[in-house]
2 protein chains.
Amino acid sequence: MELQNTLVKKPQPVPEPTVRRMPSYLTILHRLHDEHVLFVSAPQLARQLNVDPTQVVKDISYTGITGRTRVGYGVDELIGGLEEFLGFNRKHEAFLVGAGFLGSALMQYQGFREAGMKIVAAFDTDKKKIGTEVAGIPVFDLEKFRDLAGRLHITIGIITTPASVAQQIADLMVGWGIKAIWNFTPIALKVPSNVIIQDTHIYANLAVMLNKLAAIKEEI
Amino acid sequence: MELQNTLVKKPQPVPEPTVRRMPSYLTILHRLHDEHVLFVSAPQLARQLNVDPTQVVKDISYTGITGRTRVGYGVDELIGGLEEFLGFNRKHEAFLVGAGFLGSALMQYQGFREAGMKIVAAFDTDKKKIGTEVAGIPVFDLEKFRDLAGRLHITIGIITTPASVAQQIADLMVGWGIKAIWNFTPIALKVPSNVIIQDTHIYANLAVMLNKLAAIKEEI
DNA sequence: TCTTAATAAAGAAAAAAATCTTTAATTAAT
DNA sequence: ATTAATTAAAGATTTTTTTCTTTATTAAGA
Ligand SMILES: NC(=O)c1ccc[n+]([C@@H]2O[C@H](COP(=O)([O-])OP(=O)(O)OC[C@H]3O[C@@H](n4cnc5c(N)ncnc54)[C@H](O)[C@@H]3O)[C@@H](O)[C@H]2O)c1
Ligand SMILES: NC(=O)c1ccc[n+]([C@@H]2O[C@H](COP(=O)([O-])OP(=O)(O)OC[C@H]3O[C@@H](n4cnc5c(N)ncnc54)[C@H](O)[C@@H]3O)[C@@H](O)[C@H]2O)c1
């Protein structure tokens with residue numbers, strides 16, 4: 001019984017900072033690909049991203065892709081390895097709740113396709129929005145969510161409602177079988193431990209920026 | 001000469017993770033304030049944010065606000081302390097370049113006022129957008145940026161242009177006296193070391209979420 | 001062919017952050 | 001007034017992440 005534990009491969013020992021850096025590598029690699037560059041070295045990537053070269057080597061090692069001494073990594077091979085690792089080459093269908101300003105911007109955003117994510121439907125309670133389309137994505141009455149999520153086997157939910165209703169939307173999503181919630185409201189959502197919450201807290205970024213800005217102003 | 005160094009207070013030894021958590025404390029505190037709650041303990045805050053109680057105590061200690069044993073922290077006092085520390089009670093005026101979908105969403109967003117930030121003008125190269133207004137914020141020709149930034153002493157720039165032009169916008173901003181750039185494009189911008197870059201890389205969050213989602217699916 | 005320089009890779013060390021532990025204060029209950 | 005429980009605060013420990021160091025490989029140049 002104890003033995004099994006050593007045989008089962010550990011779920012995710014990849015450091016989160018590494019995962020966060022990977023899409024940045026991809027951005028650079030895609031540009032290099034477009035410029036018909038065939039190989040790139042870790043120090044080159046490191047310079048463009050202001051990180052340590054050995055950090056780049058370590059990050060890339062998690063993908064299983066190996067480089068060649070004095071040559072670097074094959075650009076296309078590395079793109080493939082990163083996309084495979086991140087799951088960007090698979091199809092991830094998502095539902096969005098709250099088709100307001102931010103929700104609409106996300107629906108319009110073409111960049112998610114590069115990450116394999118597709119917002120297939122949006123939901124709102126505003127009668128004026130229900131029945132409309134945003135960038136070809138239909139906006140349904142929130143009531144329809146349960147039925148559609150079950151039928152289409154949707155596992156990703158995006159919340160861009162006002163903060164005041166975010167928790168109740170999250171509760172509904174959990175009940176409807178959503179496994180991962182991308183939360184753009186400033187609320188800390190409470191969900192069962194088997195549901196993944198990904199917060200994009202815009203204030204956190206703003207706070208860090210203002211903090212640094214205040215620091216350099218103090219120096220003067 | 002060496003002595004001076006010990007007298008001058010260190011610029012910012014506050015851990016970035018602490019700064020990132022502070023706006024979340026504020027969100028909860030504002031709700032407590034609205035509910036006329038006068039005191040809150042660190043363990044209470046910790047439970048709501050799923051962080052360690054001692055972490056909360058440590059984070060709050062950076063604001064200089066002290067709590068009372070068996071009572072907790074005064075809600076209003078703590079709000080004041082956090083806002084003061086983060087600079088949310090000061091006025092931060094910003095220019096935004098790229099009045100597209102995301103840029104417009106940010107301009108419409110009322111929440112920045114809570115953080116003292118005000119987008120005072122937007123800039124674009126699209127003739128159809130120049131001369132219009134978004135949520136009362138005028139959209140000017142990019143050419144006007146330099147002149148206005150200098151006259152209004154703007155130090156914060158927000159970039160929501162297509163990724164392909166982000167670096168050249170950043171270069172222009174630096175030349176025009178911008179001290180902090182909030183970058184929403186997936187590009188790693190190169191700027192002089194005295195200019196602050198704050199990236200909001202949406203792919204990084206997506207990558208972490210997909211990675212965790214893949215991990216739980218693997219377990220099954 | 002031999003040498004040199006660049007680089008991936010692995011491991012060690014350092015730094016940063018989170019968590020755990022202890023202490024002391026003090027409020028509320030008895 | 002006394003006791004017990006709660007909690008802030010400070011410090012120690014552990015964990016995580018980054019940076020530094022070493023080694024070995026190998027492509028390019030002499
Ligand atoms: N706009 C931004 O740039 C921005 C940036 C960061 C964070 N946010 C956050 O994103 C969220 C939305 O912001 P916004 O500016 O798009 O607001 P918004 O008012 O434009 O959009 C909210 C939408 O949610 C809908 N809605 C309200 N209650 C609902 C419910 N119970 N079920 C389903 N839909 C419901 C509304 O009808 C509306 O369409 C907020 O929580 C905000 O804090 C916005
Ligand atoms: N829309 C989203 O939800 C979203 C999410 C994350 C990141 N982003 C990033 O934000 C950026 C903008 O995305 P979007 O969806 O708003 O695109 P968009 O095309 O709607 O907006 C871009 C705007 O920039 C303007 N522009 C183009 N060149 C310019 C220049 N040289 N100077 C000034 N303005 C210029 C365009 O006229 C347009 O108004 C992209 O880099 C994208 O990767 C968008």
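Residue numbers begin at 1 in each chain, while the letters A, B, ... track the order of the sequences. Just so it is clear, the values below take in all heavy atoms, side chains as well, and ignore hydrogens, waters and symmetry mates.
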Roughly how many Å is it from [atom1] in [X] to [atom2] in [N], rounded to a whole number?
| X | N | atom1 | atom2 | answer |
| --- | --- | --- | --- | --- |
| B:N50 | C:dA18 | CG | P | 14 Å |
| A:L49 | D:dT18 | CG | P | 13 Å |
| A:Q55 | C:dA16 | CD | P | 14 Å |
| A:E16 | D:dT17 | CD | C1' | 12 Å |
| B:F39 | D:dA8 | CZ | P | 12 Å |
| B:I65 | D:dA9 | CD1 | P | 10 Å |
| A:Y62 | C:dA10 | OH | P | 11 Å |
| A:I60 | C:dA8 | CD1 | P | 8 Å |

*asked:* Testing A:T200, A:T160, A:D199, A:T161 one by one against A:N183 for a side chain to side chain donor-acceptor pair (under 3.5 Å), which residue passes?
replied: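 It is A:D199; the other options fail the test.
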*What's the closest nucleotide to the B:D52 side chain, out of C:dT26, C:dA17, C:dC20?*
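Ranking C:dT26, C:dA17, C:dC20 by closest atom to the B:D52 side chain puts C:dC20 first.
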*For the side chain of B:T69, starting at C-beta, report the closest nucleotide among C:dA25, D:dT17, D:dA10.*
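Minimum distance to the B:T69 side chain belongs to C:dA25.
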*Looking at CG of A:L189 and CG of B:N50, how far apart are the two atoms once the value is rounded to the nearest 0.5 Å?*
10.0 Å
_Distance in Å, A:E83 CD paired with A:L26 CG, rounded so as to fall on 0.5 Å steps_ = 5.5 Å
*Under 4.0 Å: is that the gap between some side-chain N or O of B:Y73 and OP1 or OP2 of D:dA9?*
yes
*Specify whether B:F112 and A:Y203 have parallel, tilted or perpendicular ring planes, treating 30° as the upper limit for parallel and 60° as the lower limit for perpendicular.*
perpendicular
*DNA chain D: 5'-proximal contact among A:V51 and B:R68 (nearest heavy atom)*: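 Its nearest nucleotide lies further toward 5', so the answer is B:R68.
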*By nearest nucleotide on DNA chain D, pick out whichever of A:D59 and B:V40 is the more 5' one.*
B:V40
_Pair of N/O donor and acceptor under 3.5 Å linking D:dA5 base with B:R70 side chain_ =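 Side chain to base: pair present.
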*What about A:K58, does its side chain sit under 3.5 Å from the base of D:dT17 through a donor-acceptor pair?*
no
*asked:* Does B:K190, at its NZ atom, have more than 12 non-hydrogen atoms belonging to other residues, nucleotides or ligands within less than 6.0 Å?
replied: yes
What contact category does [X] fall into here, base, sugar-phosphate, or nothing, at under 4.0 angstrom with non-hydrogen atoms?
| X | value |
| --- | --- |
| A:P43 | sugar-phosphate |
| A:V71 | sugar-phosphate |
| B:S61 | nothing |
| B:T18 | nothing |
| B:S41 | sugar-phosphate |
| B:R21 | sugar-phosphate |

_Side-chain (A:H33) to main-chain (A:L29) donor-acceptor, under 3.5 angstrom_ = no
